Protein chains: 2
Amino acid sequence: MSGIIQHINKAFDNRVRLGIMSVLMVNEKVDFKRLKQLLGVTDGNLASHIKALEKLNYIEVYKTFVDRKPNTSYSATRFGKEAFKKHIDALEKLIHQQK
Amino acid sequence: MSGIIQHINKAFDNRVRLGIMSVLMVNEKVDFKRLKQLLGVTDGNLASHIKALEKLNYIEVYKTFVDRKPNTSYSATRFGKEAFKKHIDALEKLIHQQK
DNA sequence: TTTATTAACTTTGCGTTGCAAAGTTCTTTG
DNA sequence: CAAAGAACTTTGCAACGCAAAGTTAATAAA
């Protein structure tokens, strides 16, 4: 495939994954609950999208306990951040293309 | 559903449809062949995405003959352009969100 | 020590989407 | 009449998306 859409990353074509990465671009670490409330999705849905990003090595997981409760937080890897930046660049080029 | 991704338009989560709209935002009219070569997709695939955008009244179709050959061209409707702008706005807010 | 609660998943089920490839229709050109 | 081109439509199938229900582990409450 060639053309002006070839650098758009399919991993980010989904709103939830786009949202997760956007949040993790400006916040070093964000936990599950916070992500869930920021995005307004069900926990199962969020978990599956997180897993997809994890599988691609775009995000990392940290499991700890806070107040004696399990707490899982996430951060974007350098690789993930670069992939996201490239995606945004491609998006901007696509949107602001010239005739 | 609430949250920071709620204004992302699902119609534009797909690369091909995003590409079509992007092209039609800066070009008043573009024909099938040109779109196909710009996007680098198969004709069947392009046709199906065009149909989806048409169904939403985001684009209009003009069928004519050029050099005695059938020529179909497309343009974005005002409604489609507005929907697209809103989507881009939502994208920018999402991406450039603050902590 | 059973019971409840919370966090974070995982699984299930099912409808939707995406795409290539093949088939179709119409029209022109050789 | 055969071939070619434009623009679809259909087919088939794999991948995706999501809600809802089920699971596991730890802690808290009774």
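Quantities reported herein were computed from a predicted structural model and do not represent experimental measurements. Naming: A, B, ... by sequence-line order, numbering from 1 per chain. Atom set for the values below is all heavy atoms of this structure, side chains included, hydrogens, waters and symmetry mates excluded.
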In Å and rounded to the nearest 0.5 Å, what is the CD1 to CG distance from B/Ile95 to A/Leu91?
6.0 Å

Separation of C/dC9 P from A/Tyr62 OH (nearest whole Å):
14 Å

Residue met sooner reading DNA chain D from 5', once B/Lys33 and B/Gly44 are mapped to nucleotides
B/Lys33

Side chain to side chain, B/Leu39 and A/Ile4, heavy atoms closer than 4.5 Å
yes

Phosphate OP1/OP2 of D/dC8 contacted by B/Lys63 side-chain N/O (<4.0 Å):
yes

What integer distance in Å separates B/Leu39:CG from D/dA7:C1'?
15 Å

Heavy-atom check, side chain of B/Phe84 versus side chain of B/Tyr58, under 4.5 Å:
no

Validation row: A/Phe32, A/Ile50 side chains within 4.5 angstrom (heavy atoms):
yes

Starting at CD1 of A/Ile50 and ending at C1' of C/dA8, how long is that distance when rounded to a whole Å?
9 Å

Using only atom types and a distance under 3.5 Å, with no angle test, would you say the side chain of B/Thr77 pairs donor to acceptor with the backbone of B/Asn57?
yes

Between A/Lys55 (NZ) and C/dC9 (C1'), how many Å, whole number?
15 Å

To the nearest angstrom, how far is A/Asp31 atom CG from C/dA8 atom C1'?
11 Å

Round to a whole Å and report the spacing from OH of A/Tyr74 to P of C/dA7.
13 Å

Heavy-atom donor-acceptor pair, B/Glu82 side chain to B/Phe79 backbone, under 3.5 Å
no

Roughly, in whole Å, what's the span from CD1 in B/Ile8 to P in D/dC18?
13 Å

Check: protein-nucleotides 17-19 of chain C nitrogen or oxygen pairs below 3.5 Å:
from   : atom 1 : to      : atom 2 : distance (Å)
C/dG18 : OP1    : B/Asn14 : ND2    : 3.1
C/dG18 : OP2    : B/Arg17 : NH1    : 2.9
C/dC19 : OP2    : B/His49 : NE2    : 3.2

Would you confirm whether B/Asn9, through its side chain, and B/Ala11, through its main-chain N or O, come within 3.5 Å as a donor-acceptor pair?
yes

Interatomic distance, B/Asp43 CG vs D/dG5 P [rounded to whole Å]
13 Å

Could you check if a side-chain atom of B/Leu94 sits within less than 4.5 angstrom of a side-chain atom of A/Arg15, using non-hydrogen atoms only?
no

Heavy-atom side-chain contact between A/Val30 and A/Ile20 under 4.5 Å
no

Contact list for DNA chain C against residues 65-73 of chain A - heavy-atom distance below 4.0 Å
A/Pro70, A/Asn71, A/Thr72

